[in-house]
There are 2 protein chains.
Amino acid sequence: MRGLHADTGYLLYRLGLRSGQLFNTFLQESGLRLRHYAVLRYLAGSEGALQRELSAQLGYDPSAIVGLVDDLEKLGMTERRPSPDDRRSKTVVLTDTGRSFLRGTDEAGRRVTNDLLAPLDPAERDTLQALLLRIADQP
Amino acid sequence: MRGLHADTGYLLYRLGLRSGQLFNTFLQESGLRLRHYAVLRYLAGSEGALQRELSAQLGYDPSAIVGLVDDLEKLGMTERRPSPDDRRSKTVVLTDTGRSFLRGTDEAGRRVTNDLLAPLDPAERDTLQALLLRIADQP
DNA sequence: GAGCAATAATTGGTGACGTCAATAGTTGTT
DNA sequence: AACAACTATTGACGTCACCAATTATTGCTC
């Protein structure tokens, strides 16, 4: 038990880096990165989201959202639609292209998490997931 | 249970970012960053380490180690000593200044992890720590 | 209902960071 | 003696988090 490895906070930091790397290498061939993937999967569960909603929910800076949605739009995976009740904001929606991309990579994404959590059995994975969720739901 | 938040791999990624941020803000006043702190704490437990050992153990690129050790040296917290058996490598050791800095920040570091894990009771923290260690010890 | 603070998207800049390629000096091997 | 492998180092490139400023629009307030 030596050095920083004994520290849970530091462990989280290191494993977060590794997890991000794994996701990015798996996404590499598609030309997207983890951040794009996060946006797509959020949209898949919400049927349209304002950019500021994406920023708040995913934790990315508003200025970062602009670039991400630009990229996705160029690939035809999302569309910006004017918000009916507020002309300042735009609603980002998934296109059919985006939806079918998600279906195609769904299983590959699960494989990434599987690799990462390989040493844990199903019950332990549930435990870990529950603990992490509790931490994540903090202000 | 919507979007990527249901995915343990993604949760790890997000919490890793948050953990790193917390560490960095706590270290801000000292002029160091998390990476420097990691080097210091590794050295505290090893009584001298080759730079390539730091690179391998902490997971930073060898070229990143150079800059980190440069910074620490400028602050008088570490020293580079020629390795007796191999003139290619250098041994990095903690100075008294570095050691006393670690003592001073020891408790502040624990507070960071405490904040992060606030929603968990001691037994749950142990569980989390054990699970993360098992994942971290993967090849 | 006119003026003004707050908000949504956007642009631009800065510093930290991961990654890779290349180099000089040194070691071990054959 | 020649050559492959290794250590520390430098430099370059793209990504990313963070912050400030701008434009268009909305809601509040007096």
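Model, not experiment: these values are computed from the prediction. These values consider heavy atoms only, across backbone and side chains, with no hydrogens, waters or symmetry-generated copies. Convention: sequence-line order gives letters A, B, ...; per-chain numbering from 1.
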Return the orientation label for the Y37(B) and F23(B) ring planes: parallel under 30°, perpendicular over 60°, tilted otherwise.
tilted
In whole Å, what is the span from the NE2 atom of H36(A) to the C1' atom of dT15(D)?
11 Å
Determine whether any donor atom in the side chain of S63(A) lies under 3.5 Å from an acceptor atom in the base of dC19(D), or the reverse, and answer yes or no.
yes
Decide whether Q28(B) and R33(B) meet the rule of one side-chain donor and one side-chain acceptor closer than 3.5 Å.
no
In whole angstroms, how far is the C1' atom of dT25(D) from the NZ atom of K90(A)?
12 Å
D7(B) side chain near L11(B) side chain, heavy-atom distance below 4.5 Å
no
Does R52(B) make a side-chain N or O approach to OP1 or OP2 of dT7(D) shorter than 4.0 Å?
yes
Does one side chain, of Q129(B) or T8(A), offer a donor that lies under 3.5 Å from an acceptor on the other?
yes
Here the distance between atom P of dT25(D) and atom CD of Q51(A), to the nearest Å, is 15 Å
Is there a donor-acceptor pair under 3.5 Å between the side chain of E124(B) and the backbone N or O of D121(B)?
yes
May I ask you to say what L17(B) touches in the nucleic acid, namely base, sugar-phosphate or nothing, with a heavy-atom cut-off under 4.0 Å?
sugar-phosphate
dT7(C) P sits how many Å from L54(A) CG, rounded?
19 Å
Measure the distance from CG on D61(B) to P on dT7(D) and round it to the nearest whole Å.
14 Å
Without decimals, in angstroms, what is the distance between R80(B) CZ and dG25(C) C1'?
15 Å
For dC16(D) and R33(A) - does any side-chain N or O of the residue sit under 4.0 Å from the phosphate oxygens OP1/OP2?
yes
If you find the nucleotide of DNA chain C closest to D86(A) and the one closest to D85(B), which residue's nucleotide is nearer the 5' end?
D86(A)
Would you say the base of dT7(C) and the side-chain of R88(A) have a donor-acceptor pair closer than 3.5 Å?
yes
Separation of atom CG in L32(B) from atom P in dA16(C), rounded to whole Å:
12 Å
Rounded off to whole Å, could you give me the CG-to-P distance for the L58(B) and dC17(C) pair?
14 Å
Per nearest nucleotide of DNA chain D, the residue lying toward the 5' end, L50(B) or Y60(A), is L50(B)
Whether R87(B) contacts dT7(D) is assessed here as follows: a side-chain N or O lying under 4.0 Å from the phosphate OP1 or OP2. Is that the case?
no
